[in-house]
Participant: 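Submitted below is the structure of interest, expressed as structure tokens.
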Amino acid sequence: MTIIILIPATLLLAVWLLLLGRATDEDRALATHSHHLDKLATIKKLKEKEKQTKEKLESYNEKVSLLLRNLIFRDKAKEIQKLEKAVLAFRQGKAKNASVFILPGYVLLREVEALGKGAIHKNILSKSFELFGKKHAQSKTKQLLAKLIAYPIIGIASTLTLGVIILGSISQTVGIAVMGIGTVLMIVLVYAMYDELDDMVKKRQKSISREFPNVVSKLALLVTSGMIMDRAWKETSSSGDTELYLEMRKTSQELDNLVSPETAYSNFINRCNTKESAKLASAIMQNLSKGNAQIGKLLKDMAREAWQERRHTAKRDAEKANSKLMIPTMLLFLAILVMLMVPVAMNFSGL
């Protein structure tokens, strides 16, 4: 049995090492660049958390605020500083290569063209375009695909090898359990990496939809007060830092760079990928030549509908929350019931 299990483990490890040996400078460069993008994203998240924490600390008194700053910000500042040094090293051409564990995935993607043309690739690419923009979508897609290919090979090979060692030296039951649980965990990990991208897209779209009523209300107010659409869009985009405002800024920059309004607003629709953003941009494109009066009225109606939809969404979310709380509430009720009934039962049994 040990030999039977050791054969696929050896083959998987041999395949992984063979692919690693075929890695080129181009593969290493792609992996390092994607790793650099991950560091930039981490820096951005840490700075956003730092900003939110600072706002919370303002509500505390001075001594408590100072203590929390020393405990929280010092660690974040060190982490941000470390990541920024790594980013600077990358820009100066002194960056360390990315982890070797992912390189076999890049090799296989380069040598087997079909892997870069399937449904999974298209799905990841469309979501990466939405999350990371056109500039970095291809790079992030390759990175995730490389992980989905390389990690299962080395992970399952390592799990089977460890299982064989335990099988021969400790216990057959433990060895089989290690191999089974390890393989399942590796499959779950790979699926989680793939599913995380979908979760990120949903969170982003939810954030955009949540901010939409505020944005369209601001646009309606500025346009009806006499401001031209491009200027109103720019002023609104600079009034917030959430996903929708950031996408509006990109559109504003495109308009400043003399990109046609049709192209700029179409890009906005593709990046946001929500029905609300598509409705807003389409309405603006259709009414650019009709003047502020008609666009202003249209935006007012859109704002009213958006606020109504937001109220309905809040009610639906509250109902979902109530249904989720039902199970823990019942468990708590049962626990209290047991605590009350056990002493009563013990008293009766003592009589």
Side-chain angles (χ1 to χ4, degrees), residues 1-39 41-42 86 90 95-125 127-128 132 136-198:
M1 183 177 181
T2 302
I3 297 174
I4 295 173
I5 298 171
L6 197 57
I7 290 172
T10 306
L11 287 174
L12 286 172
L13 187 59
V15 168
W16 188 85
L17 289 171
L18 178 64
L19 291 171
L20 182 62
R22 295 178 66 84
T24 63
D25 291 339
E26 182 185 354
D27 297 324
R28 294 186 181 89
L30 287 171
T32 304
H33 179 256
S34 297
H35 190 54
H36 166 70
L37 294 178
D38 290 340
K39 288 178 180 177
T42 304
F90 174 82
K96 295 180 181 178
N97 289 331
S99 172
V100 295
F101 292 107
I102 195 175
L103 285 177
Y106 279 96
V107 175
L108 210 55
L109 283 172
R110 175 170 49 80
E111 295 188 350
V112 183
E113 294 183 3
L115 292 173
K117 296 179 180 179
I120 294 176
H121 174 268
K122 290 179 181 177
N123 186 32
I124 295 174
L125 183 61
K127 291 174 181 176
S128 297
F132 310 110
H136 302 306
Q138 195 67 247
S139 176
K140 296 297 291 182
T141 299
K142 282 188 176 181
Q143 182 192 39
L144 181 55
L145 280 172
K147 287 180 179 179
L148 296 178
I149 292 169
Y151 286 174
I153 296 174
I154 187 64
I156 294 174
S158 302
T159 299
L160 292 177
T161 303
L162 179 62
V164 168
I165 293 171
I166 295 173
L167 198 71
S169 59
I170 300 175
S171 167
Q172 184 175 359
T173 305
V174 176
I176 294 172
V178 167
M179 287 185 285
I181 294 171
T183 303
V184 171
L185 286 176
M186 183 54 59
I187 294 170
V188 170
L189 174 64
V190 170
Y191 177 77
M193 287 191 295
Y194 177 75
D195 192 55
E196 184 184 12
L197 195 69
D198 190 47

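Residues: numbered from 1 along the sequence shown.
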Participant: What's the separation between atom CD1 in Ile124 and atom CD in Gln138, rounded to the nearest 0.5 Å?
Facilitator: 11.0 Å
Participant: Identify, with sequence neighbours excluded, every residue that meets salt bridge (Lys or Arg N to Asp or Glu O under 4.0 Å) alongside Glu111.
Facilitator: Arg22
Participant: Find the distance between CG (Leu108) and CG (Leu103) and round it off to the nearest 0.5 Å.
Facilitator: 12.5 Å
Participant: State, to 0.1 Å, how close Lys142 and Leu109 come at their nearest heavy-atom pair, and which atoms those are.
Facilitator: O-CD1, 3.5 Å
Participant: Is there a side chain to side chain contact (heavy atoms under 4.5 Å, CB included) between Gln143 and His33 once you walk through the steps?
Facilitator: CA-CA 10 Å; Gln143 182 192 39; His33 179 256; over 6 Å; no
Participant: Show the nearest heavy-atom pair for residues Ser128 and Thr141, with the distance to one decimal.
Facilitator: OG-OG1, 3.3 Å
Participant: Return the set of residues passing side chain to side chain contact (heavy atoms under 4.5 Å, CB included) with Leu13 (not counting sequence neighbours), or none when no residue passes.
Facilitator: Leu17, Ile154, Ala157
Participant: Measure the shortest side-chain to side-chain distance between Ile153 and Pro104 over non-hydrogen atoms and say whether it is less than 4.5 angstrom.
Facilitator: no
Participant: Quick one: side-chain hydrogen bond (donor to acceptor under 3.5 Å, both in side chains) pairs with a partner in residues 181-197, sequence neighbours left out?
Facilitator: Asn123-Tyr194
Participant: Could I get the full list of ring-ring contact (aromatic ring centres under 6.0 Å, His included) partners for His36, not counting sequence neighbours?
Facilitator: Phe90
Participant: Before you tell me yes or no, could you show the steps for Leu115 and Leu145 under side chain to side chain contact (heavy atoms under 4.5 Å, CB included), namely the whole-Å CA-CA distance, both residues' side-chain angles and the distance that decides it to 0.1 Å?
Facilitator: CA-CA 9 Å; Leu115 292 173; Leu145 280 172; over 6 Å; no
Participant: Starting at OG1 of Thr159, measure out to CG of Leu185 and round the result to the nearest 0.5 Å.
Facilitator: 8.0 Å
Participant: Starting from the C-alpha separation in whole Å, work towards a yes-or-no answer on side chain to side chain contact (heavy atoms under 4.5 Å, CB included) for Tyr106 and Ser34.
Facilitator: CA-CA 12 Å; Tyr106 279 96; Ser34 297; 3.4 Å; yes
Participant: Under the salt bridge (Lys or Arg N to Asp or Glu O under 4.0 Å) rule, collect the residues that match up with Asp38, sequence neighbours excluded.
Facilitator: Lys140
Participant: Output the distance between atom CH2 (Trp16) and atom OG (Ser158), rounded to the nearest 0.5 Å.
Facilitator: 8.5 Å
Participant: Might you confirm whether atom CG of Leu11 has over 12 heavy atoms from other residues, nucleotides or ligands at distances under 6.0 Å?
Facilitator: yes
Participant: Going by the rule salt bridge (Lys or Arg N to Asp or Glu O under 4.0 Å), which residues pair with Lys127 if we only count those two or more places apart in sequence or in a different chain?
Facilitator: Asp198
Participant: Report the distance from atom CG of Asp27 to atom OG1 of Thr32, rounding to the nearest 0.5 Å.
Facilitator: 10.5 Å
Participant: Can you give me the closest heavy-atom contact between Ser139 and Leu37, atom names plus distance?
Facilitator: OG-CD1, 4.0 Å
Participant: Could you report the tightest heavy-atom contact between Leu160 and Ala9, atom names first, then the distance?
Facilitator: CB-CB, 3.6 Å
Participant: Begin from the C-alpha positions of Thr24 and Arg110 and carry the test side chain to side chain contact (heavy atoms under 4.5 Å, CB included) through to its verdict.
Facilitator: CA-CA 10 Å; Thr24 63; Arg110 175 170 49 80; 3.6 Å; yes
